[in-house]
Amino acid sequence: MAKNSEDRFKKIIAHAKEYGFVFQSSELYDGLSAVYDYGQNGVELKNNIKDYWWKSMVQYHENIVGLDSAIFMHPRTWKASGHLDAFNDPMIDNKDSKKRYRADDLIEEHMEKLQGKIDKEVKKARKRFGEDFDEEKFLATNERVVKYKEQIESINNRLVKALEDENLGELKQLIDDLEIVDPVSGTKNWTDVRQFNLMFDTRLGSLSDDSNKVYLRPETAQGIFVNYLNVQKTGRMKIPFGIAQIGKAFRNEIVARQFIFRMREFEQMEMQYFVRPGTEMDWFEYWKNERVKWHRSLGIPDEYYKLYEHENLAHYANAAYDIEFAYPMGFKELEGIHSRTDFDLSAHQEYSGRKVQYYDPETQESYVPYVVETSIGLDRLFLSVLSYAYEEEKLDDGSERIVMKIPPFLAPIKVAVFPLVRKDGLPEKAREIINGLKYDYNCHYEEKDAIGKRYRRHDAIGTPYCITVDHQTLDDNTVTIRERDSMKQDRIPIDNISPIVWERLRENRG
RNA sequence: GCGGGAGUAGCUCAUCUCCGGUAGAGCGACAGCCUUCCAAGCUGUAGGUGGCGGGUUCGAGUCCCGUCUCCCGCUCCA
């Protein structure tokens with residue numbers, strides 16, 4: 001990370017804490033690594049983001065409905081989804097090179113080397129015997145080849161058994177016995193083999209035995225897939241249709257850092273769109289464009305976004321696109337659009353033994369729908385808004401201000417109301433105005449300190465509009481409304497505050 | 001997880017270094033005064049068992065060990 005963006009990132013994190021957006025979890029007890037809490041302003045911003053996403057998906061699309069599934073799910077869900085197998089890796093570090101490897105990979109590479117030796121022997125023999133060479137016979141009888149083959153077999157047996165038993169000590173022993181060296185450092189100075197589990201587990205019920213182990217979901221999508229039939233049938237949904245969900249997910253990341261970008265407990269906003277097989281690429285394109293449009297509607301300039309097409313695909317996908325955002329630490333994934341094929345629904349059909357299909361009246365056939373997923377990290381979106389919004393501004397008079405240029409319709413507090421001075425009945429008038437506005441907008445009243453200071457305080461949390469009650473207000477019932485970014489003021493009648501704020505909030509939504 | 005750096009008031013920091021002797025400032029917050037519009041007027045108040053635990057010592061923020069957390073690099077990442 002470049003020095004100045006590193007500084008900027010630090011300032012944003014400090015600002016987020018100082019102004020009640022994000023606190024480290026359990027800070028009182030020295031904090032909990034990679035877990036964060038949202039403070040009084042953070043929760044408002046986060047709720048506003050959620051609300052906007054939810055409306056964009058569920059309210060603005062008649063064929064998309066919502067869902068709120070539980071975090072606990074039947075353990076077989078994760079067997080079916082592939083998470084149980086795909087994210088259970090035994091890892092080992094070389095103390096000299098500081099490199100980390102998958103222990104089973106190292107052993108497999110060793111076996112491949114042995115296989116390479118066999119191939120070499122075969123090649124040599126073929127050269128020697130020419131036309132008469134009988135490969136099968138050679139493989140079965142050549143002393144050296146047979147020895148290599150036996151070695152491979154015995155290693156493989158030990159490896160498979162060790163993995164099955166989750167015997168980490170045996171894996172380490174195997175690496176020691178084979179005298180495997182680190183390709184980088186060339187040494188055999190290894191740590192113990194340790195198990196890394198992506199998923200958190202816990203016990204359901206008060207008796208602790210292995211049979212009631214359950215996992216905290218590592219993605220919300222599976223809650224949608226296992227409810228596909230329920231929603232499709234009870235909602236009488238016709239393909240194509242979507243199910244949207246906002247919820248917490250949990251991942252025990254090996255390294256979880258970078259503030260709220262990568263957390264152990266995080267929130268996803270996902271929409272799974274069920275389509276007829278063969279049309280998935282069209283819908284993939286469609287949602288790619290829709291999601292880009294949605295991001296543009298936040299009013300953040302295009303250059304903050306970059307599209308990235310995946311070449312290494314996850315176990316469930318046949319196409320994947322990331323929308324990346326220019327965070328202070330560089331372009332990083334904000335949202336993923338994936339064509340998940342029928343991988344998940346088929347897997348659940350197989351593991352549950354139930355028919356997870358759709359009868360298409362048009363084609364008069366049943367099929368397992370294909371799925372196009374849009375999956376965005378709520379916390380990452382929050383961070384993108386926060387890091388875009390943070391600005392240290394030099395004003396014409398030479399002074400500085402820190403202003404959070406949060407898209408106004410997402411701002412934690414929409415309207416702040418101040419009496420110019422704390423006397424002459426101005427505070428009472430200001431209270432009166434707030435009481436009229438608070439049912440429509442999140443408002444804030446302040447009378448402490450000089451007026452300029454109060455403006456700056458609200459700049460720092462991104463409040464788009466400040467209403468000031470002055471002496472003229474008492475004569476003609478007008479107030480000034482000050483706009484955050486331009487710092488310009490208009491004088492408007494009290495009765496017009498609500499419609500004008502409404503109008504401006506709408507305008508600001510791309 | 002490994003390696004390096006750091007942790008003193010809400011924030012920024014001072015004191016720390018070869019020399020151990022009962023923690024200060026600015027900003028901020030709060031209360032009040034003064035002020036007719038963009039942070040810096042006046043008065044007062046609160047706030048720290050120096051991340052936590054242990055050791056050495058008559059005495060530790062200061063020396064030693066452990067631990068937690070954060071930052072940087074490496075590794076991993078649906």
Side-chain angles (χ1 to χ4, degrees), chain A residues 1 3 6-7 9-11 13-15 17-20 23-35 78 81-83 86-87 89 91-102 184 189 191-196 198-199 217-222 249 251-259 261-262 268 270 310 312-317 320 322 329 332-333 336 338 340 373 375 377 395-397 399-403 418-424 426 448-460 466-474 479-480 482 484 487-489 491:
Chain A
M1 214 187 307
K3 190 84 189 109
E6 196 179 298
D7 285 349
F9 195 26
K10 281 187 178 155
K11 280 181 186 168
I13 294 167
H15 189 86
K17 185 194 169 188
E18 193 171 351
Y19 288 91
F23 307 125
Q24 198 194 3
S25 162
S26 317
E27 201 189 305
L28 195 62
Y29 292 102
D30 275 339
L32 191 61
S33 186
V35 184
W78 306 112
S81 70
H83 286 83
F87 302 104
D89 303 330
M91 307 293 280
I92 190 165
D93 293 339
N94 183 276
K95 289 176 188 167
D96 299 312
S97 68
K98 313 288 182 212
K99 297 282 175 195
R100 166 167 301 159
Y101 303 90
R102 279 181 57 168
V184 176
N189 191 9
T191 63
D192 284 338
V193 176
R194 286 160 303 203
Q195 187 75 28
F196 286 85
L198 173 90
M199 291 194 284
R217 63 181 179 201
E219 64 171 17
T220 55
Q222 298 303 327
R251 286 181 200 181
N252 213 349
E253 302 281 357
I254 297 168
V255 170
R257 250 192 260 156
Q258 292 181 309
F259 196 43
F261 184 82
R262 181 171 282 123
Q268 291 183 308
E270 294 196 308
H310 272 266
N312 293 339
L313 295 170
H315 62 275
Y316 53 69
D322 283 351
M329 64 280 190
K332 298 265 181 186
E333 177 182 355
H338 304 126
R340 290 184 79 131
E373 157 188 276
S375 170
L395 300 176
D396 294 340
D397 64 3
S399 66
E400 279 184 34
R401 70 164 181 161
I402 290 177
V403 53
F418 313 138
L420 184 59
V421 292
R422 201 174 5 173
K423 60 178 185 185
D424 305 333
L426 300 187
K448 175 80 181 146
D449 294 317
I451 188 77
K453 204 164 192 170
R454 285 176 267 167
Y455 285 144
R456 297 301 170 85
R457 270 204 289 263
H458 275 276
D459 288 340
C466 292
I467 303 289
T468 298
V469 173
D470 57 18
H471 290 93
Q472 190 183 330
T473 308
L474 302 179
V479 293
T480 59
R482 176 235 192 220
R484 180 192 67 203
M487 298 168 67
K488 293 241 166 61
Q489 287 178 297
R491 184 161 279 276

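Quick note on labels: first sequence line is chain A, next is B, and so on, each numbered from 1.
- Counting any heavy atom pair closer than 4.0 Å across all strands shown, A:Ser375 reaches no nucleic acid atom.
- One atom, NZ of A:Lys11, and another, P of B:C71, lie 18 Å apart when rounded to the nearest Å.
- Nearest to the side chain of A:Leu420, among B:C70, B:U36, B:U35, sits B:U36.
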Give every pair of a protein N or O atom and an N or O atom of nucleotides 8-11 of chain B that lie under 3.5 Å apart, one pair per line with the distance.
{"from": "B:C11", "atom 1": "OP1", "to": "A:Lys17", "atom 2": "NZ", "distance (Å)": "3.0"}

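- Taking both residues in full, the closest heavy atoms of A:Gln268 and A:Pro218 are given as OE1-O, 4.5 Å, listed atom of the first, atom of the second, then distance.
- Using P as the reference atom, B:G50 and B:A9 are 9 Å apart when rounded to the nearest Å.
- Annotation: B:A14 and B:G51 have their P atoms spaced 14 Å apart (nearest Å).
- Considering only residues two or more places apart in sequence or on other chains, A:Tyr455 meets the ring pair (Phe, Tyr, Trp, His ring centres under 6.0 Å) condition with A:Phe418.
- Relative to the side chain of A:Thr468, the nucleotides B:U36, B:C38, B:C37 differ in distance, and B:C37 lies closest.
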Sort me out a list of protein N/O and nucleotides 39-47 of chain B N/O pairs below 3.5 Å, or just none if empty.
{"from": "B:A39", "atom 1": "OP2", "to": "A:Arg456", "atom 2": "NH2", "distance (Å)": "3.0"}
{"from": "B:A39", "atom 1": "N7", "to": "A:Arg456", "atom 2": "NH1", "distance (Å)": "3.0"}

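- One interatomic measurement links the two molecules: CZ of A:Phe259 to C1' of B:C71, which rounds to 13 Å at whole-angstrom precision.
- In this entry the distance linking CG of A:Asp449 with C1' of B:A29 reads 10 Å, nearest Å.
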- line: Read 5' to 3' with Watson-Crick or G-U pairs under 3.5 Å, [ ] for crossing pairs and | for partners on another strand, RNA chain B gives (((((((..((((.......[..)))).(((((.......))))).....(((((..]....))))))))))))....
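- For the pair A:Asp459 CG and B:C37 C1', the computed distance is 13 Å after rounding to whole Å.
- In terms of the side-chain contact (heavy atoms from CB on, under 4.5 Å) criterion, residue partners of A:Glu333 (sequence neighbours excluded) are, by chain and number, A:Asp322, A:Arg380.
- Residues passing the side-chain contact (heavy atoms from CB on, under 4.5 Å) test with A:Ile13 are A:Phe9, A:Phe259, sequence neighbours excluded.
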